[in-house]
Amino acid sequence: MTTHGHFRLALLAPALVVASLGGAAGGAESAPSVPPPSSAGPAAAEAPLTRQALESLMQEMAARGANFPPERLSALGPSGLRAVLDYVFPETAPVDEAEPDDATITRLLAEMRDDQYQTREAATERLLKLGPSARKTAMRLAQQADAEVSWRAIRVLRAWDDQRRDDMARYSAALTVCFAQINDPPRLELLVDRMRRVLELGGPVGGKANIMRDMLRTLYMAKDDRWLDPLSPVFKKTGNRSEQLLVQWLNQAMAREAGAGRSDGNRAVATVEIAAARGVPSSDPPPPVFVPRLLIAALESDQAQVQLAAIQGVPARPEGPNLAALRERLEALFAGTNETIKLRAARPLIVAFGHADAYDYLIEQAAQRENASRRQESLSIMAQLGAKRGPLPAKAAAALPKMLKEQELGHARVMVAGILGSHTGKEVLDALIPALADNYQPLAQEAERRLSQYPNKEELLKALDQAASENQRVKDAVERIRETITSSEAKE
């Protein structure tokens with residue numbers, strides 16, 4: 001298919017354009033990786049597809065979308081899946097032609113310099129038809145000092161990139177249901193190999209990105225590191241978006257698992273976190289979630305943005321054989337010099353591993369006055385930890401009640417009240433009960449709500465009775481709290 005005529009390019013400086021295309025020079029070549037086992041049982045029956053049959057199959061996928069019967073593709077076995085992946089990702093499909101030899105390159109160079117326009121066009125068309133397997137040749141030509149040769153080679157490179165970016169959204173819905181049925185080693189191996197090759201060329205966009213996301217979800221659902229490990233080298237690359245897309249897809253797969261059995265996994269996780277922030281136990285806490293080595297590889301990335309995204313993806317209840325490695329890596333990040341990463345790493349360390357030093361660090365950051373945004377984020381993280389219903393840790397007991405009285409903290413005091421209310425003990429009651437009479441109504445309301453949820457009602461009511469005689473506003477709040485407790489006990 002000829003597509004180079006669609007481009008209108010000015011004569012650009014070859015070095016600048018080649019630099020902008022540099023990430024694609026390697027084509028589908030890659031560093032060797034340890035492949036997954038090729039099979040763990042009999043493969044599905046092979047059914048080679050003709051080009052016409054493949055076109056017909058893809059048209060049906062586009063037309064029927066999510067109603068496409070996945071058994072149609074399953075019946076075609078690994079060869080059918082390979083043909084579909086070649087169709088969707090033509091930039092990684094195998095090519096018969098080898099990289100042109102020196103004689104061919106010399107001839108192309110001479111013809112692109114020819115005085116005859118038709119000769120120059122024919123040479124450009126011949127290079128285009130060689131396909132992405134000739135990318136190195138095109139890159140060499142693009143770096144020629146001759147502006148005409150460089151322009152034509154760049155036009156070919158852009159045409160190949162345009163083919164690579166072709167939107168495949170029309171097949172996404174059908175492939176989603178097809179991928180969900182894949183659990184056999186031969187086809188899982190095809191998926192991971194294709195993902196690796198596509199990501200090496202750069203981050204896909206549009207429908208291709210959606211298809212890749214569903215491929216990753218299928219590999220993750222196999223709950224076996226063998227099907228994800230070959231993607232780990234992606235996190236050692238920089239600048240082509242692949243690494244950020246990969247960790248994003250992995251986070252989505254794990255979030256979906258955390259919301260297993262629900263239509264929207266992300267919403268289910270958010271619901272649990274909101275309930276925790278409100279100091280009430282979730283009626284449906286998230287289940288244990290398998291953590292693959294691929295997430296740990298993302299945490300080991302040299303890019304801070306990838307590390308932060310991977311930290312965000314650590315589930316509240318991780319499970320699997322990689323827990324020790326996960327904790328070790330999170331602790332290494334927590335011990336590092338990047339304060340933003342250290343702050344974000346504290347949350348999964350506390351939630352998943354009960355890390356006391358991480359909690360103390362959050363208290364220190366919340367109590368400091370130099371950085372308001374860091375203080376706010378620390379308080380937000382602690383507020384999301386939910387109801388611990390135990391005594392305040394020593395550093396929290398020393399810092400939080402004081403912060404509750406600091407008027408200059410403004411609305412942050414409401415979060416402090418919420419954090420205090422997730423614990424029990426005399427320090428908590430001594431801090432929250434006076435807040436019932438605070439002039440800042442959101443704080444007074446939060447203190448009242450948290451006290452209403454205090455688990456030891458006898459201890460609470462005794463402390464409230466002592467305080468009610470000292471302040472009318474406290475007395476009014478005490479009456480409302482008593483009514484709430486009475487109503488709650490009646491319902492039980």
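Values below: all heavy atoms of this structure, side chains included; hydrogens, waters and symmetry mates excluded.
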> Of all heavy-atom pairs between P204 and R241, which one has the smallest distance, and what is that distance?
Replying inline: O-NH1, 3.8 Å
> Can you list every pair that meets ring pair (Phe, Tyr, Trp, His ring centres under 6.0 Å) and has a residue in residues 303-324, with sequence neighbours left out?
Replying inline: none
> Is there a donor-acceptor contact under 3.5 Å from the side chain of N322 to the main chain of V291?
Replying inline: yes
> Step by step, would you call E446 with R413 a salt bridge (charged side-chain N to carboxylate O under 4.0 Å, His left out)?
Replying inline: CA-CA 10 Å; E446 178 69 1; R413 292 194 299 152; over 6 Å; no
> Ignoring hydrogens and geometry, is there a side-chain-to-backbone donor-acceptor pair from Q307 to S301 under 3.5 Å?
Replying inline: yes
> Do you know the tightest heavy-atom contact between A352 and P315?
Replying inline: CB-O, 4.3 Å
> Does any N or O in the side chain of Q368 come within less than 3.5 Å of the main-chain N or O of Q365, such that one atom is a donor and the other an acceptor?
Replying inline: yes
> Heavy atoms, side chains only, cut-off 4.5 Å: are R158 and I154 in contact?
Replying inline: yes
> Backbone N or O of T92 within a donor-acceptor pair of the R197 side chain at under 3.5 Å?
Replying inline: yes
> Can you tell if the side chain of Q244 reaches within under 4.5 Å of the side chain of F235, non-hydrogen atoms only?
Replying inline: no
> About how many Å separate CG of L392 and OG of S422, when rounded to the nearest 0.5 Å?
Replying inline: 7.5 Å
>> Going by side chain to side chain donor-acceptor pair (under 3.5 Å), name the residues that satisfy it together with D360, two or more places apart in sequence or in a different chain.
In response: none
>> Ignoring hydrogens, what is the shortest heavy-atom contact between G203 and L245? Give both atom names and the distance.
In response: CA-CD1, 3.6 Å
>> Rounded at 0.5 Å granularity, tell me how far CG in L323 sits from CZ in R327.
In response: 10.5 Å
> Does CD belonging to E319 count more than 12 external heavy atoms closer than 6.0 Å?
Replying inline: yes
Could you pull out every donor-acceptor pair under 3.5 Å between side chains of residues 215-222 and any protein atom, sequence neighbours left out?
| unit_1 | atom_1 | unit_2 | atom_2 | d |
| --- | --- | --- | --- | --- |
| T218 | OG1 | F179 | O | 3.0 |
| T218 | OG1 | D214 | O | 3.1 |
| Y220 | OH | F290 | O | 2.7 |

> Crowded around Q52 CD? As in, over 12 foreign heavy atoms under 6.0 Å?
Replying inline: no
> Nearest 0.5 Å, what's the CG-CZ distance between L246 and R196?
Replying inline: 13.0 Å
>> Which heavy atom of P287 sits nearest to which heavy atom of A258, and what is that distance?
In response: CD-O, 2.9 Å
> Under the 3.5 angstrom rule, does the side chain of H423 hit a backbone N or O of G390 as a donor-acceptor pair?
Replying inline: yes
> Looking only at heavy atoms, which two atoms of S172 and I211 are closest? And how far apart?
Replying inline: CA-CG1, 4.0 Å
>> If I take atom CE from residue M415 and atom OG from residue S378, how far apart are they, to the nearest 0.5 angstrom?
In response: 9.5 Å
>> Under the salt bridge (Lys or Arg N to Asp or Glu O under 4.0 Å) test against E364, which residue among R375, K395, K342 passes?
In response: K395
> Of the non-hydrogen atoms in I363 and A399, which two are nearest, and what is the gap between them?
Replying inline: CG2-CB, 3.8 Å
>> Nearest 0.5 angstrom please: L76 CG to E71 CD, how far?
In response: 11.0 Å
> Please, which pairs that meet salt bridge (charged side-chain N to carboxylate O under 4.0 Å, His left out) have at least one residue in residues 290-302, sequence neighbours excluded?
Replying inline: D225-R293, D229-R293
>> Going by salt bridge (charged side-chain N to carboxylate O under 4.0 Å, His left out), name the pairs with one or both residues in residues 56-65, residues two or more places apart or in two chains.
In response: E60-R64, E60-R72
>> Any non-hydrogen side-chain atom of W227 less than 4.5 Å from a side-chain atom of E189?
In response: yes
>> Any non-hydrogen side-chain atom of F353 less than 4.5 Å from a side-chain atom of L326?
In response: yes
>> Checking R152 now: which residues fulfil salt bridge (Lys or Arg N to Asp or Glu O under 4.0 Å) with it, not counting sequence neighbours?
In response: E121, E148
>> I want to check something: taking the side chain as every heavy atom from C-beta on, are S79 and L49 in contact at a cut-off of under 4.5 Å?
In response: no
>> Quick check on K223: does its NZ atom have over 12 non-hydrogen neighbours (other residues, nucleotides or ligands) under 6.0 Å away?
In response: yes
> Once you round to the nearest 0.5 Å, how far does CZ of R51 lie from OH of Y87?
Replying inline: 6.0 Å
>> I'd like to know if the side chain of N371 reaches the main chain of R374, judged simply by a donor and an acceptor atom lying under 3.5 Å from each other, with no hydrogens or angles considered.
In response: yes
> So, N251 side chain and A309 main chain: donor-acceptor pair closer than 3.5 Å or not?
Replying inline: yes
> Does R187 reach the main-chain N or O of I182 with its side chain, forming a donor-acceptor pair under 3.5 Å?
Replying inline: no
>> Would L299 and L330 count as a side-chain contact (heavy atoms from CB on, under 4.5 Å) here? Give the steps.
In response: CA-CA 8 Å; L299 291 169; L330 287 172; 4.3 Å; yes
>> Is it the case that atom CD in Q305 sees more than 12 heavy atoms from other parts of the structure closer than 6.0 Å?
In response: no
